[in-house]
*Asks:* 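Have a look at the structure that comes next, please.
Numbers here are sequence positions counted from 1. Counting convention: from 1, in listed order, for ligands and their atoms alike.
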Amino acid sequence: MAAGTLAAALAARIALEGPLTVGAFMAEALGHPRFGYYMKQDPFGAAGDFVTAPEVSQMFGELIGLWCADAWQRMGGPPEIRLIELGPGRGTLMADALRAAAVLPPFRAAVRVHLVETSPTLRARQAATLAPLARPTWHDRLEDVPDGPSLIVANEFFDALPIRQIQRTVHGWAERLVDLDPDAPEEAPRFRFVLELGRSPGRTLVPDSLRDAPVGSIVEVSPASRAVAGVLGARLAAHGGAALVIDYGYGDGPAVGDTLQAVRRHAYAPVLEEPGDADLTAHVDFASLAAAAREGGAEAYGPITQGELLTRLGILQRAQMLKRTAAPKQAADIDAALERLIGAAGMGTLFRALALAAPGFGPPAGFEP
Ligand code: SAH
């Protein structure tokens, strides 16, 4: 690792300021303006590091587009609606959603597309994907999107937001930090985990339900995710609308465990080894997102599994329809994609969907009891 890499920049910062929280390390690894993972490359697809649901099949974005059209009708069909996506990647989900939304022309005409994306590389990619369909407006943060009734979609966005890790020791809870490995030469820095000495301010982040976890347990919290969920909830409560959050993670409340993972070229990699060159994610704690959105004033429904959501939204019927006009090879691809999206061996049960809505909206499509 030479100068001019993220590792060198992080090593210089640690040498100056001391060890970083896992959250600060993760934020730099993904979002450093020059060397951050999402800032410098397009990581998606077969040739990239990982494949997300919208990249598996057009059916995913199409059903989400129809979910939005249905939500718009339930809102009484406002003449303008902000269709907001958080972390749109290549723009594939939005493109498929907009194409599907064409079945309801008044909805399609009401849509104003807003993309919350920090990566210039991916913004350019999104602009290219969406050029035939929409003229989106980009924002760095959800807070920057102008007020108004909104439908908000976030797929694999929250898993990329920084988490902090607090570990139970014999002396109480201590924050896990990332420090320089003293055995590595200065010109080739390596990183290692250490525990914060003294009374960690981070100990106050441990939820009451986990305070008595056994020594050695690691608890993950994501103040960054909670903050975004709070803004989402407040926005829906003040201006109306609904949100759909899909990600992988814990369904029934926070649990102990170290879920920080690095993925590079479709394989797991050591989490501290290649900052900026591997994707870093962690399990999403849906209960905590729902609680933060409720504190913001919204109602929360679910989470349900991705398989349940897509099945209730009609993915089996959609696959049948696509297969009717497909060649045999394409038909087999559609079946494989379907299995990957809803099957237990794929994303069907690991991934979950949480819906948020303005008070009085009622459960959105797919979330009816
Ligand atoms: N939703 C897409 C991409 C998921 S990857 C898909 O399903 O394929 C995460 C996305 O969130 C990327 O577009 C990344 O650049 C963006 N992102 C990560 N952290 C962000 C942040 N703090 N603010 C805005 N966008 C962020």
*Asks:* Are His283 and Tyr248 close enough that their ring centres sit under 6.0 Å apart?
*Replies:* yes
*Asks:* Of all the atoms in ligand 1, which lie at a distance below 4.0 Å from a heavy atom belonging to Pro54?
*Replies:* 6 (C), 7 (O), 8 (O)
*Asks:* Could you list which atoms of ligand 1 come closer than 4.0 Å to a heavy atom of Leu161?
*Replies:* 22 (N)
*Asks:* Should Pro88 be listed as contacting ligand 1, given a heavy-atom distance under 4.0 Å as the test?
*Replies:* yes
*Asks:* Which of the numbered atoms in ligand 1 are below 4.0 angstrom from a heavy atom of Gly89?
*Replies:* 2 (C), 3 (C), 13 (O)
*Asks:* Quick test of your reading: applying salt bridge (charged side-chain N to carboxylate O under 4.0 Å, His left out), list the pairs with at least one residue in residues 260-270, sequence neighbours left out, ordered by first then second residue.
*Replies:* Arg264-Glu274
*Asks:* Measure from atom 10 (C) of ligand 1 to every heavy atom in Gly87, Gly61, Ala160, Gly91 and give the option owning the shortest one.
*Replies:* Gly87
*Asks:* Decide whether an N or O pair under 3.5 Å exists between Glu117 and ligand 1.
*Replies:* yes
*Asks:* Is there side-chain contact between Leu177 and Phe25, with at least one heavy-atom pair below 4.5 Å?
*Replies:* no
*Asks:* Does an N or O anywhere in Asn155 fall below 3.5 Å from an N or O of ligand 1?
*Replies:* yes
*Asks:* Is there a side-chain contact between Arg125 and Phe44 in this structure, where contact means two heavy atoms from C-beta onward sitting under 4.5 Å apart?
*Replies:* no
*Asks:* Please report which non-hydrogen protein atom sits nearest to atom 4 (C) of ligand 1, along with the residue it belongs to and the distance in Å to one decimal place.
*Replies:* Glu156 O, 3.3 Å
*Asks:* Could you check whether any side-chain heavy atom of Phe60 comes within less than 4.5 Å of a side-chain heavy atom of Thr92, counting everything from C-beta outward?
*Replies:* no
*Asks:* Heavy-atom contact under 4.0 Å between Leu122 and ligand 1?
*Replies:* yes
*Asks:* Output the rest of the hydrophobic cluster of Leu232: all Ile, Leu, Val, Met, Phe, Trp and Tyr residues reachable through side-chain heavy-atom contacts under 4.5 Å, sorted by chain and number.
*Replies:* Ile84, Leu86, Val116, Leu142, Val145, Ile152, Phe157, Phe158, Leu161, Val228, Val231, Leu236, Val245, Val284, Phe286, Leu289, Leu354, Leu356
*Asks:* Please could you name the atoms of ligand 1 that Thr52 approaches to less than 4.0 Å, counting only its heavy atoms?
*Replies:* 6 (C), 7 (O), 8 (O)
*Asks:* Hey, which atoms in ligand 1 end up nearer than 4.0 Å to a heavy atom of Thr118?
*Replies:* 20 (C), 21 (C), 23 (N), 24 (C), 25 (N), 26 (C)
*Asks:* Within a strict 4.5 Å, meaning less than it, do heavy atoms of the Leu310 and Arg318 side chains meet?
*Replies:* no
*Asks:* Using every non-hydrogen atom in the two residues, find where Val221 and Pro207 come nearest and quote the distance to one decimal.
*Replies:* CG1-CD, 4.4 Å
